[in-house]
Chemist: 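Have a look at this one.
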Amino acid sequence: MTKIKNIVVLTGAGISAESGIRTFRDTGGLWEDRSIEEVATPQGYAADPELVLGFYNARRAQLSTVEPNTAHTALAKLEAGLAKEGGNLTIVTQNVDDLHERAGTQNVIHMHGELLSQWCRACNQKFISADAFTTKSSCPKCDVIGKVRPDIVWFGEMPYYMDTIEVAVTNCDLFVSIGTSGAVYPAAGYVQMARGLGKQTLEINLEPSEGSAFFHDTRLGKAGDLVPIWVDEILSA
Ligand code: OAD
């Protein structure tokens with residue numbers, strides 16, 4: 001077997017579940033009290049910006065109460081281990097938390113945006129802030145009031161870094177999906193792209209995802225248990 005040097009890992013809410021951040025589609029998921037239309041669409045924001053800003057303020061405030069888990073730290077170890085051998089790990093995450101970065105991973109692509117990034121619709125500039133925002137908040141870049149929204153990709157909006165992700169998938173030896181239901185495209189389609197390009201593919205998830213049949217291999221269980229084992233296998237191969 002040829003040595004695996006370049007890996008793309010796609011992560012979803014399941015990798016942060018053991019850190020205490022609720023997933024979207026499991027029982028007790030984030031949308032339990034709020035519909036997707038209310039809090040994750042441009043229309044929902046236009047209809048009730050205060051509600052939507054408050055929803056993301058709560059998610060942002062939660063970041064300071066949670067820590068990366070063993071799955072996040074194992075991926076940081078994988079990144080360092082591959083780099084030592086001239087390889088590369090690209091983490092493409094659908095998550096808007098910062099747990100990959102806090103685990104020490106450098107190369108993280110947030111395709112659905114980030115809780116800590118804010119976007120001013122008046123001046124179109126983005127800025128990092130852990131603060132809470134209301135419709136009375138002003139933009140620190142242009143001082144306009146009431147135009148700062150979360151830098152989160154809502155349904156109906158284009159995910160970020162699609163070109164960069166396609167290049168990473170094209171150049172990888174192995175594509176791995178961790179903790180995602182495979183319900184939301186385009187992320188859910190990357191396994192098919194990888195398969196079409198002849199890449200090896202692996203899924204690590206609590207249960208088979210919607211796209212499970214597309215993977216060569218599926219390992220079922222908690223990411224916090226399975227990811228460290230898989231990382232050790234790769235680094236010792
Ligand atoms: P989901 O909530 O749809 O799926 C989470 C997946 O993680 C499920 O398949 C669970 O079985 C699995 N899971 C739960 N706990 C786990 C654990 N400890 N270890 C391993 N797997 C576990 O979340 P995503 O697939 O990330 O989009 O959702 C994709 C997108 O839908 C999100 O990025 C968000 C949402 O709407 C936007 O906000 C644009």
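Remember, it's 1-based here, ligands and their atoms both numbered in the order they're listed. Quick caveat, the model's predicted, so the values are computed rather than measured.
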Chemist: Do the side chains of R149 and E157 get close enough for a salt bridge, i.e. N-O under 4.0 angstrom?
Modeler: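 The answer is yes: the pair qualifies as a salt bridge.
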Chemist: Measuring only between side-chain heavy atoms, which start at C-beta, is T164 closer than 4.5 Å to V167?
Modeler: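 Sidechains of V167 and T164: no contact.
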Chemist: Heavy atoms only: which of A13, G14, G224 lies closest to atom 22 (C) of ligand 1?
Modeler: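 Nearest heavy atom to atom 22 (C) of ligand 1 lies in G14.
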Chemist: Which of the listed options, E18, H112, E203, holds the heavy atom that is closest to atom 18 (N) of ligand 1?
Modeler: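 Nearest heavy atom to atom 18 (N) of ligand 1 lies in E18.
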Chemist: Could you list the atoms of ligand 1 found under 4.0 angstrom from a heavy atom of K222?
Modeler: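 Answer for ligand 1: 19 (N).
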Chemist: Any N/O of I36 closer than 3.5 Å to an N/O of ligand 1?
Modeler: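 Between I36 and ligand 1 (N or O atoms, distance only) the closest approach is not under 3.5 Å.
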Chemist: With side-chain contact (heavy atoms from CB on, under 4.5 Å) as the test, pick out the partner of W230 among I234, D232, L226.
Modeler: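 When side-chain contact (heavy atoms from CB on, under 4.5 Å) is applied between W230 and each of I234, D232, L226, only I234 qualifies.
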Chemist: Could you tell me whether ligand 1 has any atom less than 4.0 Å away from a heavy atom of G221?
Modeler: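 Contact check G221 vs ligand 1: positive.
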Chemist: Hey, is ligand 1 close enough to E207 that some N/O pair sits below 3.5 Å?
Modeler: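 Between E207 and ligand 1, an N or O pair is found under 3.5 Å apart.
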Chemist: As a check for students: among L220, L226, L206, identify the option with a heavy atom nearest to atom 21 (N) of ligand 1.
Modeler: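 Ranked by closest heavy atom to atom 21 (N) of ligand 1, first place is L206.
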Chemist: Should the pair R219-E233 be classified as a salt bridge under the 4.0 Å nitrogen-to-oxygen rule?
Modeler: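 Between E233 and R219 there is a salt bridge, with a charged N closer than 4.0 Å to a carboxylate O.
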Chemist: Hey, is D173 close enough to K3 for a salt bridge, meaning N to O under 4.0 Å?
Modeler: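 No, D173 and K3 are not salt-bridged.
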Chemist: Would you check whether G12 has a nitrogen or oxygen atom less than 3.5 angstrom from a nitrogen or oxygen atom of ligand 1?
Modeler: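 Checking ligand 1 against G12, no N or O pair falls under 3.5 Å apart.
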Chemist: Would you say ligand 1 has an N or O under 3.5 Å from any N or O of N205?
Modeler: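 It does: an N or O of N205 is found under 3.5 Å from an N or O of ligand 1.
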Chemist: Can you list the atoms of ligand 1 that are under 4.0 Å from a heavy atom of G179?
Modeler: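 Every atom of ligand 1 under 4.0 Å from some heavy atom of G179: 5 (C), 6 (C), 7 (O), 21 (N).
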Chemist: Kindly write out the residues that satisfy side-chain hydrogen bond (donor to acceptor under 3.5 Å, both in side chains) with S138, not counting sequence neighbours, or none if the list is empty.
Modeler: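 side-chain hydrogen bond (donor to acceptor under 3.5 Å, both in side chains) list for S138, sorted by chain: empty.
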Chemist: Could you tell me whether V184 approaches ligand 1 through its side chain, its backbone, both or neither, with non-hydrogen atoms closer than 4.0 Å?
Modeler: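 The part of V184 near ligand 1 is the side chain, not the backbone.
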Chemist: H72 vs H100 aromatic rings, parallel, tilted or perpendicular, using cut-offs 30° and 60°?
Modeler: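 If you compare the ring of H72 with that of H100, the planes turn out perpendicular.
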Chemist: Counting only nitrogen or oxygen atoms and a 3.5 angstrom limit, does A223 reach ligand 1?
Modeler: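 Min N/O separation from ligand 1 is below 3.5 Å for A223.
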Chemist: Examine the proximity of ligand 1 to F155 and report which part, side chain or backbone, both or neither, has a heavy atom under 4.0 Å away.
Modeler: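 The answer is the side chain of F155.
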Chemist: To the nearest 0.5 Å, how far apart are CG in N69 and CG in L99?
Modeler: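 These two atoms lie 7.5 Å from each other.
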Chemist: Report, in ascending order of atom number, the atoms of ligand 1 lying under 4.0 Å from any heavy atom of A17.
Modeler: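 Reading through ligand 1 atom by atom, the close ones are 15 (N).
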Chemist: On the ring face of F24, is R22 found with NZ or CZ under 6.0 Å from the centre and within 45° of the axis?
Modeler: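 Ring-cation test returns no.
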